[in-house]
Amino acid sequence: MYPDYLKGLLEKVEQTRPMRLELAKSGQPVYPPMNAAEREDVLSRFHPDSAAAARSRIRIGPNKGEELTTEVKWILEAHSMIEPRRMQANLAKPDYETDLLIIGGGGAGCWAAITAMQNGVDSLIATKLRLGDANSMMSEGGMQAAVAPQDSPTRHYLDAVGGGHFDNKPDLVRALTEDAPEVVRELENLGVMWDKMEDGSLQVLHGGGTSRKRMLSCRDYIGAIIMRTLMDEVENHPDKIRVREFEPAIELLLDDKGQCAGAILYNLDTEQFLVVKAKATVITTGGFGRLHIRGFATTNHYGATGDGLVMAYRAGAQLKFMDSVQYHPTGAVYPEQIAGFLVTEKIRGAGGQPLNKDGELFVFPREPRDVESAAIIRECSPERNMGIATAAGRVGVWLDSPIIDMLHGEGYTRHQFPGICRAFDRYGIDIVKQPMLIYPSLHYQNGGIEINERCETNIPGLFVAGEASGGVHGRNRLMGNSVLDYNVFGRRAGRHASEYAKSVQLGRLSLDHVTAYAKEMADQGIETDLISPVILPSYTPENVKLQQLARLGNIPARHSMLRSRIGLGAEQ
């Protein structure tokens, strides 16, 4: 339940609700949407990407000289876990051999394996944690697809490009939006049960930045439902798809022709390095939320530390839009135990309203995510001082969820949002009767490894799909396009990678690119004690970590990426 010091502010929400409800029922915008100039102003002054320290120029690699998100630059300008010279004997006798290596066991990885199997190619999925431990599993709100009579892939395309600030790669957006209806049908054939209307038609709702209702859903469990379905299909074919859990990849392998030829895995239990030789490789490692960019809390799963970026970049792959980060407008602020927990945008699509400490609307609820987030940060800033502070030192605004049942009828909220209801019920907060306290939470890696519509990178034999890829969303992703992204491009990656694997001839396995990368770091005078991939985040308090290292007689690593994160939105 909410503490006594918030009860007066809760009463203000109830006092303003009747007028806001009447306006919402009228069908008119409950708050004026921003024009282009207003959006640009709030983004340039309050979005976390706009801060001077948010970006740094990288000194090595394919994107040398470009400004990247600072924490990404750190993990790229870091040392490898391995010494290539000590791995030569291992390269001559691989531990595993496969037609197709898939690095990552989320939605895109499962789809790549399923599609490769359908194409007659065997695969091996190497995943950091368990199969399905991924951001794919955690999606709540829905998936965009132009399946309604009043919609079309063309309208979907225009919305996605506009939401991405017109920076998207057009061929990727075309693939995303044109494949969408087929993805819906194929997922249903595999067992996904979409929410439907009484007449049997698919239920579609609005999301931020959408010009038509096109958000498909499975209550607020869409990620779990899709992942369960895909995992079942993978596990039904052990003769064609092998799965290695708790064995994250830490470096790619190339051959002496410059082709991608597999990867080095690291067994988290035995701490052994394992060599996988593969005719084709697909990176589906997801995003980087657990790097806690700018010190923000995150909605991401525990293993989301940007591993794919590191491996691909060291091997020579180009990155795209790595100067842009997405913060979900509505991450939980209270209770403290679930800080950062995703509160789906579908709540606002259903009529939920963001309110300041006076219980007043201050932004149109369905602005694109970056604009909505920046507006919430502005409302909580010293400039306006209209946020609600918690005893734990966090600040946020209300998300008025009780208004949803008033708009749609009693029982609607618990029927449509059982997962969110359950999360807050555990702490004595009934979101049907009380609003949630929210603030932007680090959510999505807008950019990634650059691909084309066949999921190919500039390295022969290396393919990428899902959140690890860059280009499809430009510099801002609309709600529901990430779920669609991993389904569309996971399928495409599996198809095109398996075709490639059928004809390629591999040469001698090599880690020379790792040696060359270390030399380039030395030549540039880069001094760091950071080793990447980070693999797993550390939440050990720094004083405890120093004591642990002292007992072992080690010199403690001082890089700020390795320190514990405290506070919300705190600078590193």
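Just the heavy atoms: all of them, side chains too, but no hydrogens, waters or symmetry mates, feed the values below.
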Under the 3.5 angstrom rule, does the side chain of [X] hit a backbone N or O of [Y] as a donor-acceptor pair?
| X | Y | value |
| --- | --- | --- |
| Asp195 | Gln203 | no |
| Ser441 | Gly340 | yes |
| Asn135 | His301 | yes |
| Thr127 | Glu245 | no |
| Tyr313 | Asn63 | yes |
| Thr69 | Met322 | yes |
| Thr330 | Val343 | yes |
| Thr98 | Leu100 | yes |
| Lys169 | Gly471 | no |
| Gln144 | Met479 | yes |

To the nearest 0.5 angstrom, please state how far the [atom1] atom of [X] sits from the [atom2] atom of [Y].
| X | Y | atom1 | atom2 | result |
| --- | --- | --- | --- | --- |
| Cys421 | Arg219 | SG | CZ | 12.0 Å |
| Arg294 | Asp49 | CZ | CG | 9.0 Å |
| Glu467 | His443 | CD | NE2 | 8.0 Å |
| Met138 | Asp133 | CE | CG | 9.5 Å |
| Glu233 | Gln118 | CD | CD | 7.5 Å |
| Ile75 | Asp307 | CD1 | CG | 7.5 Å |

I'd like to check [X] versus [Y] (side-chain heavy atoms, cut-off strictly below 4.5 Å). Are they in contact?
| X | Y | result |
| --- | --- | --- |
| Leu187 | Leu230 | yes |
| Leu91 | Ile264 | yes |
| Trp111 | Glu186 | yes |
| Met193 | Ile225 | no |
| Trp194 | Met143 | yes |
| Arg369 | Tyr444 | no |
| Lys277 | Leu253 | no |
| Met521 | Thr528 | yes |

Start with the C-alpha gap between Glu251 and Arg314, add the side-chain angles, then the distance that decides, and say whether side chain to side chain contact (heavy atoms under 4.5 Å, CB included) holds.
CA-CA 8 Å; Glu251 291 292 355; Arg314 283 197 187 121; 2.6 Å; yes

Quick test of your reading of the model: are [X] and [Y] salt-bridged, counting only N-O distances below 4.0 Å?
| X | Y | value |
| --- | --- | --- |
| Lys240 | Asp122 | yes |
| Lys346 | Glu140 | no |
| Arg492 | Asp179 | yes |
| Asp323 | Arg475 | yes |
| Asp159 | Arg214 | yes |
| Arg174 | Glu453 | no |

Ring-ring centroid check Tyr539 His292, cutoff 6.0 Å:
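When the ring centroids of Tyr539 and His292 are compared, they turn out to be within the sub-6.0 Å range.
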
How far apart are the C-alpha atoms of Leu172 and Asn168, what are their side-chain angles, what is the distance that settles it, and do they pass the side chain to side chain contact (heavy atoms under 4.5 Å, CB included) test?
CA-CA 8 Å; Leu172 297 183; Asn168 324 54; over 6 Å; no

Of all the heavy-atom pairs spanning [X] and [Y], show the shortest one and how long it is.
| X | Y | answer |
| --- | --- | --- |
| Val147 | Val204 | CG2-CG1, 4.2 Å |
| Leu129 | Gly303 | CD1-N, 4.1 Å |
| Glu247 | Tyr96 | OE1-OH, 3.3 Å |
| Thr284 | Gly104 | OG1-O, 3.0 Å |
| Cys260 | Leu254 | CA-CD2, 3.8 Å |
| Met227 | Cys110 | CE-SG, 4.1 Å |

side-chain hydrogen bond (donor to acceptor under 3.5 Å, both in side chains) between His473 and Asn481: does it pass, once the steps are laid out?
CA-CA 8 Å; His473 304 295; Asn481 278 345; 4.9 Å; no

Within a radius of less than 6.0 Å around NZ of Lys519, do more than 12 heavy atoms belonging to other residues, nucleotides or ligands occur?
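Check fails, neighbour count at 12 or below.
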
Heavy atoms from other residues, nucleotides or ligands near CD of Gln337 exceed 12 (cutoff 6.0 Å)
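Yes.
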
Kindly determine whether Asn119 and Lys502 satisfy side chain to side chain contact (heavy atoms under 4.5 Å, CB included), including the steps that lead there.
CA-CA 10 Å; Asn119 205 20; Lys502 289 178 180 179; 3.5 Å; yes

Run the side chain to side chain contact (heavy atoms under 4.5 Å, CB included) check on Asp256 and Ser510 step by step: do they pass?
CA-CA 6 Å; Asp256 52 10; Ser510 170; 5.7 Å; no

Please determine whether side-chain hydrogen bond (donor to acceptor under 3.5 Å, both in side chains) holds for the pair Asn476 and Gln326, giving the CA-CA distance in whole Å, both sets of side-chain angles, and the decisive distance to 0.1 Å.
CA-CA 6 Å; Asn476 180 59; Gln326 181 167 97; 3.2 Å; yes

Test Leu252 against every option in Thr281, Val514, Leu511 by the side-chain contact (heavy atoms from CB on, under 4.5 Å) rule and name the one that passes.
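Running side-chain contact (heavy atoms from CB on, under 4.5 Å) over Thr281, Val514, Leu511 with Leu252 returns exactly one hit, Thr281.
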
Parallel, tilted or perpendicular: rings of Tyr266 and Phe273 (30°, 60°)
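Rings of Phe273 and Tyr266: tilted, as their planes differ by 30° to 60°.
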
